[in-house]
Amino acid sequence: MSNAAAIRPGRPALPEWVRRLPEYLMIWVPLLLSAAHLISFSLWTIWISFTPSTLVPVSGWVGLRNYTAVAASRNWQIAFDNLLLFGSAFVVLSAATGLILAILLDQRIRGENALRSIFLYPLAVSFVVTGTVWSWLLNPGLGIQKLVHDLGWTSFKFDWLIDRDMAIWTIVIAAIWQSSGFAMALFLAGLRSVDADIVKAAQIDGAGPVRIYRRIVLPSLWPITVTVVVIQLQFAISTFDLVRALTNGGPGIATQLPALVVYDLMFQRSLLGRGAAAAVLMLLILLAVLLPYAAWRYVQRRRALHA
Amino acid sequence: MAALSIRALSKRYANLEVLKDIALDIESGEFTVLVGPSGCGKSTLLNIVAGLDYPSAGTIEIGGRVVNDVPPKDRDIAMVFQSYALYPSMTVRQNITFGMECRHVPKAEQEKAVANVAKLLQIETLLGRKPSQLSGGQRQRVAMGRALVRDPLLFLFDEPLSNLDAKLRVEMRMEIKRLHQRIGATIVYVTHDQIEAMTMATRIAVMHQGRVQQFAEPDTVYRYPANLFVARFMGSPPMNTIPARLEAENDGLVVVIGAGRPDEIRLRLRDYDGAAPFVGRDVVFGIRPECIAEGSRAFSNDAPVLVDAPVDMVEPTGAETMVSLRLGGETAMARISPDIRPVPGASASFALDTRRVCLFDPETERLIA
Amino acid sequence: MRDHSFAPSRIWIYLVVTLIAAAWLAPLAVVVLNSLRSNEEIAQGSMIGWPQHLAWSNYPAAWSGFCVAETCSGIRPYMLNSALVTIPATIFSTLLGAIAGYAISLWRFRGDNWIYGIVTLGLFLPQQMRLLPWTIVLRDIGLINTLAGLVLIHTIQGLSFTTLFCRNYYVAIPHELIRAARIDGAGFFRIFWRIILPLSGPILIVTVIWQFTHIWNEFLYGVTFTTGQQQPVTAALIALSAAVADIPQHGVQSAAVIIAALPTLLIYLIGGKYFVRGLTAGAVK
């Protein structure tokens, strides 16, 4: 059993840091690259947004001129209004749909797994595919309207896709189809994590199913609801592919969103400074959502610690 | 030869000092138990000895070699963990040989070593299993096997029995002790269980608030606790520590409990000359529960010291009866014969063994005599 | 509140759920059916309809026949591009993220919390903030309009997710395991390969599925940093849509959409449980 000799290494000892160099490299290089690109790219884009860069980045200082130009542009104003409408409508409706689906699935129904798979599969598909398919369905000359006309109801009208005022709602519809399943998955997890003993106690207290839902189960879903809303908002703010495939911002610029404006300014009009300014504005909108959320999370955690 | 020497060791995290000026010399073949309540720093100390944590100051010598800058694998130690830390994806055999594999020990030698250890611990039939297929006691054995196979200068045990149920814990306690006697290994064993410390150790280091309070043989720690902390920590139930006054009387010393009260108790002490400077001052009087018994018990050939005291509560445990009583107004526990059941609320007669009491300085909390 | 009986009130539940499920499946059904209808048949009716003759030829046409701009190579080269970007980027980001997560959770080192915090911020930083810098970086290192450039981007950006996933999984592994292995003489990599990796099955599946789906479905970087024959399939689909606007060939296009969506749909069908786990784990970031 004696192998004490083997314990002391015979080979000349390299310095500790040399021996551990490979592991330091494997840990630090990727992490530092990741962290460095996040910081430097953000700072660089912010810097560009203050320069007169157009086709190529140039130094110089134009103060907030890019920002005022972007904010004054019709393109951005429409994009911003659309974002407010799309963001709120989509978030509310998809959270509501997700919650309803979760409650329905929580009733111990048969085929729950299959149903859950059906509501979640759109998440596996790219927004490009979703947008393309919905652009067919909602195209009055190809999709639902055409079908109804062919069936004989020729006065039927469902042409939101080409209606300037309603086109943004087609994006809402497609986005809800794509991501309500996500809200459902989170809500369902929340419903299932309600302490069974609490439900039993309520039953013994004489509460019926509706009351148990209203007074015990749903109130416990608040934190999840906030998470769902924040994540969906984050998605709404950066929506790009879906619009690109569904309406490409049209008709005209009726379904413009900030992410499309950024792309348009940067790569189609070659106004780098303004594009960067628009990107920073997007970041600010995002921060307006995320910072309160982070603060809320912080307070929640503190409370949980002290409870 | 000292197997392990710790000198002037301290450890601080930010502004929290978890180990203060630790000095321990452990001889080869000793079974040293580091015992203390949770948070006393005993596990940190063990981790520093293992090289898994770094001291802020001080030196550690293992087998005469300063190992402060030696990585754990080259310290010639083996360790058994509280959670056993068996590698979940490996079989028992692989768990045991993993260290040898890392040290490039030839296969044949590995096989021989595994066979030896498996026989010693009677785990031959388990070698092909995964840790998830083992019971708690079996995991414990495998963890010990993994340590034994290294044949190190020093074994480190980090609360190895605390995840076992009470019955198995007693069995494994005896087994570890037997193993120690058989292979004569040097062991440093951390536990919060003072019974484990008393039963297994050749020497106990009682730790509290980052300091070693006392480092001595179990009997010494029990009989002469260095301070009030040790007195109250070791023993179950712990030593009764009662505020009292020390007085001189007829050339001897008398402890007065509840001075001036109608139920004042005066106990004459013999052979406690060391306490003479404290005559006329407050002391803390320490007496173990087993030194208070029913009035009929004869502790020695001397005339018994008898007191009448009101009984608060009676707890029969089967092997004995624990009685909570009041001595001069202070609560004390007594350990009396199982077939005697005093009546709560009434007074009963108790015999006190005054040859084995302790006196502590209430200021410094240190043992006076 | 939860019983298995078929009370009348429960029929409503089934009715509602079935209707919603049908609505959710409808788009898929429409595309699948269209992919089997000839372009002419669709042109005569609507996009919604039952195939009169099964036009299987849409699939070979979509795969290798139809033309976008001047090239008539079908969707095949773009599928290949997507695979050549997605597979290496998934492997690299997962492996590096696993090692980083392992180092952060089980080894601790100076500054680990800082760097971890910054890296996970990458989950929130909009892509638009990185578009221009990536353009310049890719140009300067000669990777603009290459698949390798996309692999680089997705590897580095994917690290934010993979590091977070793996770190959160590995924190549950007892530190004593690492200590025991260190005393046994195992180093950083040996502990990773022999002890941590065999325990990592579930999280690696989640991470791989998540990364694969995301990178495969990604569009913005693909369309920004590559052109023509270098584009991934998402960008090619958009280009195809533009081409189809002139000469309608919706049957072929539907087949192309199905082919493009198939890899991630298959992964979802096979690893659905892990897919959902990744989804919900990502939500609690």
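Naming convention: chains lettered A, B, ... in sequence-line order (proteins, then strands); numbering from 1 in each chain.
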With heavy-atom distances below 4.5 Å as the criterion, would you say the side chains of [X] and [Y] are in contact?
X	Y	answer
C:F188	C:R182	no
C:L152	C:I141	yes
C:T234	C:E218	no
C:I48	A:W136	no

Just give me the residue among [options] that pairs up with chain A most often, heavy atom to heavy atom, under 4.5 Å.
options	result
C:T213, C:I99, C:I238	C:I238
C:G187, C:P133, C:A26	C:P133
C:S254, C:G49, C:G185	C:S254
C:T135, C:L159, C:V16	C:L159
C:I156, C:I104, C:L132, C:L28	C:L132

Side chain, backbone, both or neither: which part of [X] has an atom under 4.5 Å from a heavy atom of chain C?
X	value
A:T132	side chain
A:D241	both
A:I144	both
A:V262	side chain
A:R116	backbone
A:F119	both
A:P30	both
A:L137	side chain
A:W177	both
A:I39	side chain
A:I118	both
A:I109	both
A:P258	neither
A:F240	side chain

For [X], is it the side chain, the backbone, both or neither that has a heavy atom under 4.5 Å from a heavy atom of chain A?
X	value
C:V17	both
C:W134	both
C:A256	neither
C:V223	both
C:L96	side chain
C:F189	side chain

Measuring centre to centre across the rings, with the benzene-like ring taken for any Trp, is C:F275 within less than 6.0 Å of C:Y268?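 Ring centroids of C:F275 and C:Y268 are less than 6.0 Å from each other.
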Could you tell me whether C:F161 and C:W210 have their ring centroids closer than 6.0 angstrom? yes
Within the supplied structure, the quantity of interest is the number of heavy atoms (other residues, nucleotides, ligands) at a distance under 6.0 Å from C:W193 CH2; does it exceed 12? no
Are there more than 12 heavy atoms of other residues, nucleotides or ligands under 6.0 Å from atom CZ of C:F92? no
In terms of heavy-atom pairs under 4.5 Å with chain C, which of [options] leads?
options	answer
A:G111, A:G141, A:A279, A:P122	A:A279
A:P57, A:S117, A:G143	A:S117
A:L115, A:V56, A:V230, A:T130	A:L115

Angle between ring planes, C:F192 versus C:Y102, binned at 30° and 60°: parallel, tilted or perpendicular?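 Ring orientation, 0 to 90° scale: tilted.
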Measure up the A:Y263 and A:F267 rings against each other and bin them: parallel (under 30°), tilted (30 to 60°), perpendicular (over 60°).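 The rings of A:Y263 and A:F267 sit tilted, inter-plane angle from 30° to 60°.
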Taking distance alone, no hydrogens or angles, what donor-acceptor pairs closer than 3.5 Å link side-chain atoms of residues 119-128 of chain C to residues at least two apart or in another chain?
residue: C:T120; atom: OG1; partner: C:Y116; partner atom: O; Å: 2.9
residue: C:T120; atom: OG1; partner: C:G117; partner atom: O; Å: 2.9

Any donor-acceptor pair under 3.5 Å from [X] side chain to [Y] backbone:
X	Y	answer
C:T163	C:A100	no
A:Q107	A:I103	yes
A:S53	A:S49	no
C:Q249	C:N39	no

For A:L32, side chain to side chain contact (heavy atoms under 4.5 Å, CB included) partners two or more places apart: A:W28, C:I115
